[in-house]
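Each residue takes its place number in the sequence, starting with 1.
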Amino acid sequence: CHTARMLTPNGKEYAQKIPREELTYLILKLLQAWKEPLSHFNQHMEHHQALPDDSLSKAKQISNMVHELETGVEKVTEKMQAMGIISNSLNGMASSEAAGLSISNEANMMSDSDFIHCFRRDSNKVQSYLKILKCRIMPENSC
């Protein structure tokens, strides 16, 4: 996976030990690292004439969801910064660092099944990290 070089905590226990700011940064980094590979994947899918329209539609839908999720996390980050929950040190860091990771020969050379496996793995991480972050920010949710 093209994100394998990114240091991410393995397991919920380790992720819970990461400070909020670092966890937010890690979420943004993972999301941004998938932007370009998903775009290339969508283009690749469009060139497969044998694929049904619903497969193409789902590939685009996934790409759009990642973009919307990233936008949402950025908005939450801005609110957290305004509330003083995290510092302003996140501004611009994730996008510049993830830019070097976003597309590599690894991502281009993967088979479709490997690509989907890697994306599923990383999306599960993001989902877990977001749950942990939510519980830290809003403990009233009885997490």
Self-check item: Inter-residue atom distance Tyr129.OH - Tyr25.OH, 0.5 Å rounding
Solution: 14.0 Å
Quiz prompt | Of Leu26, Leu28, Leu69, Thr8, the residue whose pairing with Val126 passes side chain to side chain contact (heavy atoms under 4.5 Å, CB included) | solution = Leu69
Practice problem: State the CD1-CG distance between Ile27 and Asp122, to the nearest 0.5 angstrom. | Solution: 12.5 Å
Quiz item: Which atom names give the shortest non-hydrogen contact between Lys29 and Met6, and what distance separates them?
Solution: CE-CE, 3.4 Å
Quiz prompt | For Val66, all residues meeting side-chain contact (heavy atoms from CB on, under 4.5 Å), sequence neighbours excluded | solution = Leu31, Leu38, Phe119
Practice problem: Could I get the full list of side chain to side chain donor-acceptor pair (under 3.5 Å) partners for Arg121, not counting sequence neighbours? | Solution: Thr3
Exercise. Could you tell me which non-hydrogen atom of Tyr14 sits nearest to which non-hydrogen atom of Pro9, and how far apart they are?
Key: CB-CB, 3.7 Å
Self-check item: Expected output: side-chain Ser39 to main-chain Lys35 donor-acceptor under 3.5 Å
Solution: no
Exercise. Kindly write out the residues that satisfy side chain to side chain donor-acceptor pair (under 3.5 Å) with Ser123, not counting sequence neighbours, or none if the list is empty.
Key: none
Exercise. State whether the side chain of His2 and the backbone N or O of Ala33 hold a donor-acceptor pair below 3.5 Å, judged by distance alone.
Key: yes
Self-check item: All salt bridge (Lys or Arg N to Asp or Glu O under 4.0 Å) counterparts of Glu74, not counting sequence neighbours
Solution: none
Quiz item: Which residues pass the side-chain contact (heavy atoms from CB on, under 4.5 Å) test with Thr71, sequence neighbours left out?
Solution: His67, Lys75
Quiz prompt | Under the side-chain contact (heavy atoms from CB on, under 4.5 Å) test, residues paired with Lys12 that sit two or more places apart | solution = Gln16, Ile132
